[in-house]
2 protein chains.
Amino acid sequence: MTNIRDLAKMAGVSVTTVSRVINNHPYVSEEKKNAVLKAIQDSNYHKNINAVHLSRGKTLLMGVVLPYSDHPYFALLLKGIAKQALEHNYKLVLFQTDYMKSRELEALDMLKHKQIDSLVICSRSCHVSTIEDHLQYGPIVLCENMKGKELSTTFINHYKTFVNALEYLYQKGHRNIGYCIGRKTGTNSRQRELAYSNFVNKYQLEYNQEYIIDQCLYFEDGEKVLKRILGMTNTPSALIVTNDQVAAGIVTACQSLDISIPKQLAIIGFDNQPIARMMNITSFELPLEEMGENMFLQAVNAEVTHKEFSVQFIERGTV
Amino acid sequence: MTNIRDLAKMAGVSVTTVSRVINNHPYVSEEKKNAVLKAIQDSNYHKNINAVHLSRGKTLLMGVVLPYSDHPYFALLLKGIAKQALEHNYKLVLFQTDYMKSRELEALDMLKHKQIDSLVICSRSCHVSTIEDHLQYGPIVLCENMKGKELSTTFINHYKTFVNALEYLYQKGHRNIGYCIGRKTGTNSRQRELAYSNFVNKYQLEYNQEYIIDQCLYFEDGEKVLKRILGMTNTPSALIVTNDQVAAGIVTACQSLDISIPKQLAIIGFDNQPIARMMNITSFELPLEEMGENMFLQAVNAEVTHKEFSVQFIERGTV
DNA sequence: TTGTAGGCGTTATCAC
DNA sequence: GTGATAACGCCTACAA
């Protein structure tokens, strides 16, 4: 592997001149420049990026932490991040955690070891304090409502959105409302749980623990959800499903059991994915791609900011 | 940021000794070792990985090229790769290409620039020769049948599998068989196309160009497919769908149009995903995760190998 | 406009 | 056991 010292020798110039040519710096005569260019041609020279990184103290690498990359919610966030990464000449290092703390720690470690410049955490397992401990090594962006902390955040108001969904269903006459989420822990889930319990209190409804169904991620989980609610002594008449894939799975499972939607079961999905349009599912549209883009930008600009994105309610046929 | 030179000063030893302690090398007295350890404690020192990379000439980073990471086929390959990466202490750099050559070239460039040690390409857009040109910079693994080339490959026999699917449908009485694929180009698609045209010739059936439907990737594409075949003058009676998500989408679209499966339309899916089981779709199971694992291993072991994986036919209710 | 020399942080060699 | 010292490949004052 040839290096700039070799090139310098070949071109009869100094390494500095070679470096200048390589990095398009000014103050190089055409003549020497061409000599260097020729040497590069002849030698199939290629920059050793690690040396550049070491010398510059930067890598142009950004870490992205997410639990599942095949899940549309995260895939869309990732898409937005990747879009901006491309424009800013950054590469991404992906950490698919399956919500294992150890994987998340690996990402934080890479930040600590300067292998990545910054980190976007789309959904975390670690405690905030663990994450804050790593802020000294580089910018970290979270995708949850965490105002006041010294790290940047991008989020939507899950509390308000859930209240809206619940009130909408209440107005439509529903009194037994359940909901499906990915996991019970996490800031977003807690906001939803809060909205739910406040709603139940407000209207003096029964707080039924089993109406909260977690581990709902993919289409096929819809079948499981339906079986579960049908097994309840008091089957809910409506479900808020925080993911259109699962909502579609429930709708499909209902069809094969001849359960009429929305008559026997009303459903509100989330994300407004193509599958929701196809299956005529009422859904909340989240601007996930833009949120991803925003997170990237927050991560490159060290400045700490907090940005809330708004959601849009799309009425269709499942309520 | 403290470095090992600082540590050496603090501990009253040489940088060599510090390095030995850090890397658990032998020949260092307990006493000095503890002094170094204490210095590390006191200084919140962290290894600069880039310096290690430069010094060692290795990064323990592997690149993974795939068109869509939210597509179950690729997500499963990735899962397998990630599993082995974890075990081998490798990190992954993801290149989601959307089949854009430029993105693939970025990955090849990173290999050239020693920013990654090796590269797994799950599906390529670039010409093989372009990829071969980069073999000098590190191992590259492809996921297609490419025996005889000097790069490692992991693949399944798409030709044989497709023949099996076609023969099975023929035996069931089908004479108008169409198929759905992701894209028309690519080694795998060409193998399938070959199987199809040979089949058509063998049984003297009509080769109908419009029976080959591409751009079939996600559940919601199923609706599009159904509309399309219903618009044909000679609607196929059976479809081979190279992806269970799309197959499920077709089944769902059929339900809402009261098209009976398999009576009016038979369907064979691919991948045997959970959704296929849920919707009782006949499918071919591909060992995608194992294939991913294998690709990782091929990429770390520089030795060139070719490995074929076999598929399993899962009979269910859609044929 | 050009070049010398020192530095980035770590590892490896070799002598003691 | 231990420690100088020379790589690794590049960047950048600073001097000329």
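We name chains A, B, ... by the order of the sequence lines, and we start the count at 1 in each one.
Per the geometry, NZ belonging to A:K9 stands 12 Å off P belonging to C:dT4, to the nearest Å. Taking atom NZ of residue B:K33 and atom P of nucleotide D:dT2, one finds them 12 Å apart after rounding to whole Å. Between the CG atom of B:N50 and the C1' atom of C:dG7 there is a distance of 15 Å, given to the nearest Å. Atom pair B:I49:CD1 and C:dT11:C1' shows a separation of 13 Å (rounding to whole Å applied). The separation between A:N3 atom CG and D:dA7 atom C1' is 11 Å, rounded to whole Å. Atom CG of B:D6 and atom P of C:dG9 are 8 Å apart (whole Å). Rounded to an integer number of Å, the gap from CG of B:L54 to C1' of D:dA6 is 13 Å. Rounded to an integer number of Å, the gap from B:K32 NZ to D:dG3 C1' is 9 Å.
For DNA chain D, none of the residues of residues 105-112 of chain A falls under the heavy-atom distance limit of 4.0 Å.
For CD of B:Q41, the number of neighbouring non-hydrogen atoms (other residues, nucleotides, ligands) closer than 6.0 Å is 12 at most.
For the pair B:R20 and B:Y27, the cation does not sit on the ring face, since its NZ or CZ is not both under 6.0 Å from the ring centre and inside 45° of the axis. Cation-pi check for B:K47 over B:Y45 is not met; the charged atom does not lie both under 6.0 angstrom from the ring centroid and within 45 degrees of its normal.
The existence of a salt bridge linking B:R124 and B:E104 is excluded, since no basic side-chain nitrogen approaches an acidic carboxylate oxygen closer than 4.0 Å.
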Contact letters for nucleotides 11-16 of chain D, in which S counts primed atoms plus P, OP1 and OP2 and B counts the base, heavy atoms under 4.0 Å: SBB---
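A side-chain donor from one of A:Y99 and A:S123 sits under 3.5 Å from a side-chain acceptor of the other. Of the N and O atoms on the side chains of B:Y218 and B:N243, not one donor lies less than 3.5 Å from an acceptor on the other residue.
For the helix from C:dT1-D:dA16 to C:dC16-D:dG1, the terminal axes (five pairs an end, C1' atoms, rotation from four pairs onto the next four) enclose an angle of 40°, given to 10 degrees.
For B:N48, taking side-chain heavy atoms from C-beta onward, the closest of the listed nucleotides D:dC10, C:dT10, C:dT1 is C:dT10.
Using cut-offs of 30° and 60° for the angle between ring planes, the A:H71 and A:Y68 rings count as tilted.
With A:N50 contributing its side chain and B:K114 its backbone, the two residues share a donor-acceptor pair below 3.5 Å. No donor-acceptor pair closer than 3.5 Å links the side chain of A:Q96 to the backbone N or O of B:A82.
To the nearest 0.5 Å, the span separating NZ on A:K9 from OG1 on A:T2 amounts to 12.0 Å.
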Mind running side chain to side chain contact (heavy atoms under 4.5 Å, CB included) on B:C126 and B:L105 for me, showing each step along the way? CA-CA 8 Å; B:C126 290; B:L105 284 172; 4.1 Å; yes
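Contact annotation: B:S29 does not reach the phosphate of D:dG1 (side-chain N/O to OP1 or OP2, under 4.0 Å).
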